[in-house]
Novice: 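This is the structure I want to talk about, given as structure tokens.
FYI, the numbering just counts along the sequence from 1.
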Amino acid sequence: MADDHDPTRMPVTADDVRHAVRLALTTLRGGLGGDWDAKAGALEWTCWETVEHLADDLFAYAAQLGPEAPPLDGEIPFDWAARRAGGPRNVTFADRSAGPTGLLLVLEACGAMLTAMVRTTPADVRSYHGFGTSDPEGFAGMGVVEVLVHTHDIAEGLGVSWTPPAGLCDRVLKRLFPDAPADTDRWATLLWATGRGELPGRERLESWRWYGAVEE
């Protein structure tokens with residue numbers, strides 16, 4: 001749960017969502033010639049599928065903030081479906097004939113949707129998420145985490161380098177992972193908090209979650 005009474009905590013903003021997506025796009029465009037059907041890091045999904053999943057996350061978070069009275073007891077009832085057994089269940093898919101360039105346009109568009117909804121939704125609005133009913137800042141933080149860690153997965157699969165800014169990592173850690181250590185490298189800590197890495201003196205997490213609820 002976010003401590004919204006901590007005067008030292010910097011909020012996660014719409015600009016953070018836009019910045020994260022732009023950084024990810026720059027990195028992933030460096031892998032346009034790579035194998036997009038390769039596994040994305042340790043995931044069971046391909047790089048292509050993981051970008052579709054990421055775009056779908058951003059779309060879904062934007063949608064949760066869209067209604068005049070957002071639901072507090074469940075997700076917007078889109079018809080999510082997987083295109084293969086074990087693949088991600090999405091609403092959003094990219095046209096394969098558009099290639100990786102078109103795939104990244106889908107990601108960019110969905111990122112812009114979440115950016116716009118976070119920017120224009122009043123701060124007192126609440127909407128359902130399985131990890132805690134949240135506010136626009138919480139959905140911004142969730143979107144940023146999805147972008148940062150899934151770009152890590154995809155970059156591993158494509159063989160490109162990816163290290164996001166420490167400040168961006170720090171803001172989402174403080175908003176969504178209140179129990180994460182505060183005195184460690186910020187990117188390494190976010191990877192650890194999402195089960196993707198280790199920290200000195202701490203075991204790798206076998207399961208993890210964030211805390212999107214707001215302290216009222």
Novice: Taking all heavy atoms of Ala20 and all of Leu168, pick out the closest pair and write down the distance.
Specialist: CB-CD2, 3.9 Å

Novice: Report the distance from atom NE2 of His152 to atom OG of Ser161, rounding to the nearest 0.5 Å.
Specialist: 11.0 Å

Novice: List the atom pairs, donor and acceptor, that lie under 3.5 Å between side-chain atoms in residues 56-63 and the rest of the protein, sequence neighbours left out.
Specialist:
unit_1, atom_1, unit_2, atom_2, d
Asp56, OD1, Val91, N, 2.8
Asp56, OD1, Thr92, N, 2.7
Asp56, OD1, Thr92, OG1, 3.1
Asp56, OD2, Trp80, NE1, 2.9
Asp57, OD2, His53, NE2, 2.9
Tyr61, OH, Glu146, OE2, 3.0

Novice: Using modelled atom types only, decide if a donor and an acceptor are shared between the side chain of Arg209 and the backbone of Phe131 within a distance under 3.5 Å.
Specialist: yes

Novice: To check you understand the geometry: which heavy-atom pair defines the closest contact between Gly141 and Val172, and what is its length?
Specialist: O-CG1, 3.9 Å

Novice: What is the distance from atom CG of Leu72 to atom OG of Ser134, rounded to the nearest 0.5 Å?
Specialist: 11.5 Å

Novice: Measure across Leu176 and Met142 and return the closest heavy-atom pair with its distance rounded to 0.1 Å.
Specialist: CD1-N, 3.5 Å

Novice: Taking Trp208 as the starting point, is it possible to reach Leu54 by hopping between hydrophobic residues whose side chains are less than 4.5 Å apart?
Specialist: yes

Novice: Does Gly167 offer a backbone N or O that forms a donor-acceptor pair with the side chain of Arg171 under 3.5 Å?
Specialist: yes

Novice: Would you give the length of the straight line joining atom CG of Leu190 to atom CG of Leu173, rounded to the nearest 0.5 angstrom?
Specialist: 5.0 Å

Novice: Evaluate the criterion side chain to side chain contact (heavy atoms under 4.5 Å, CB included) for residue pair Met10 and Asp170; output intermediate values, then yes/no.
Specialist: CA-CA 9 Å; Met10 297 295 292; Asp170 186 63; over 6 Å; no

Novice: Give the ring-plane orientation class for Trp210 versus Phe177, where under 30° counts as parallel, over 60° as perpendicular and anything between as tilted.
Specialist: perpendicular

Novice: Donor-acceptor pair, Arg89 side chain versus Gly86 backbone, under 3.5 Å?
Specialist: no

Novice: Val160 and Leu104: same hydrophobic cluster, using ILVMFWY side-chain contacts below 4.5 Å?
Specialist: yes

Novice: Does the side chain of Thr13 come under 3.5 Å of the side chain of Asp15 through a donor N or O and an acceptor N or O?
Specialist: no

Novice: Looking at Arg83, Arg84, Arg96, which one forms a salt bridge (Lys or Arg N to Asp or Glu O under 4.0 Å) with Glu49?
Specialist: Arg84

Novice: Which value, rounded to the nearest 0.5 Å, describes the distance between Thr115 atom OG1 and Arg18 atom CZ?
Specialist: 7.0 Å

Novice: With a 4.5 Å heavy-atom cut-off, do Val125 and Pro70 have their side chains touching?
Specialist: yes

Novice: If only atom types and distance count, is the side chain of Arg186 paired as donor or acceptor with the main-chain N or O of Thr184 below 3.5 Å?
Specialist: yes

Novice: Decide yes or no on side chain to side chain contact (heavy atoms under 4.5 Å, CB included) for Leu23 and His19, but give the supporting numbers first.
Specialist: CA-CA 6 Å; Leu23 290 173; His19 187 46; 3.5 Å; yes

Novice: Answer yes or no: is there a side-chain heavy-atom contact under 4.5 Å between Leu28 and Trp162?
Specialist: no

Novice: When you measure from the side chain of Ser127 to the backbone N and O of Gln64, does any donor-acceptor pair fall under 3.5 Å?
Specialist: yes

Novice: Closest approach of Ala123 and Pro136, non-hydrogen atoms and distance?
Specialist: O-CD, 3.8 Å

Novice: If hydrophobic clusters are built from ILVMFWY residues whose side chains come within less than 4.5 Å, do Met113 and Val147 share one?
Specialist: no

Novice: Decide yes or no on side chain to side chain contact (heavy atoms under 4.5 Å, CB included) for Arg175 and Val214, but give the supporting numbers first.
Specialist: CA-CA 9 Å; Arg175 175 60 180 83; Val214 182; 3.6 Å; yes

Novice: If I compare all heavy atoms of Ala14 with all of Val118, which pair ends up nearest, and what's the gap?
Specialist: N-CG1, 3.8 Å

Novice: Applying salt bridge (Lys or Arg N to Asp or Glu O under 4.0 Å) to Arg9 and Glu137, what does each step give before you reach the verdict?
Specialist: CA-CA 12 Å; Arg9 187 179 74 80; Glu137 187 207 353; 2.7 Å; yes

Novice: Same hydrophobic cluster for Phe139 and Tyr128, using side-chain heavy-atom links shorter than 4.5 Å among ILVMFWY?
Specialist: no

Novice: Find the distance between CZ (Arg29) and OG1 (Thr101) and round it off to the nearest 0.5 Å.
Specialist: 8.0 Å

Novice: I'd like to know if the side chain of Trp48 and the backbone of Asp35 have a donor-acceptor N/O pair within less than 3.5 Å.
Specialist: no

Novice: Between Ile154 and Cys47, which heavy-atom pair has the shortest distance, and what is it?
Specialist: O-SG, 3.7 Å

Novice: State plainly whether one hydrophobic cluster holds both Leu205 and Leu199, where clusters connect Ile, Leu, Val, Met, Phe, Trp and Tyr through side-chain heavy atoms under 4.5 angstrom apart.
Specialist: yes

Novice: Start with the C-alpha distance between Val106 and Glu52, add both sets of side-chain angles, then the distance that settles side chain to side chain contact (heavy atoms under 4.5 Å, CB included), and finish with yes or no.
Specialist: CA-CA 8 Å; Val106 172; Glu52 287 182 326; over 6 Å; no

Novice: To the closest 0.5 Å, what do you measure between OG1 (Thr121) and CG (Leu65)?
Specialist: 4.5 Å

Novice: I'd like to know if the side chain of Trp36 reaches the main chain of Gly31, judged simply by a donor and an acceptor atom lying under 3.5 Å from each other, with no hydrogens or angles considered.
Specialist: yes

Novice: Give a yes or no on whether the backbone of Phe93 and the side-chain of Asn90 come within a donor-acceptor separation of less than 3.5 Å.
Specialist: no

Novice: I'd like to know if the side chain of Thr194 and the backbone of Leu191 have a donor-acceptor N/O pair within less than 3.5 Å.
Specialist: yes

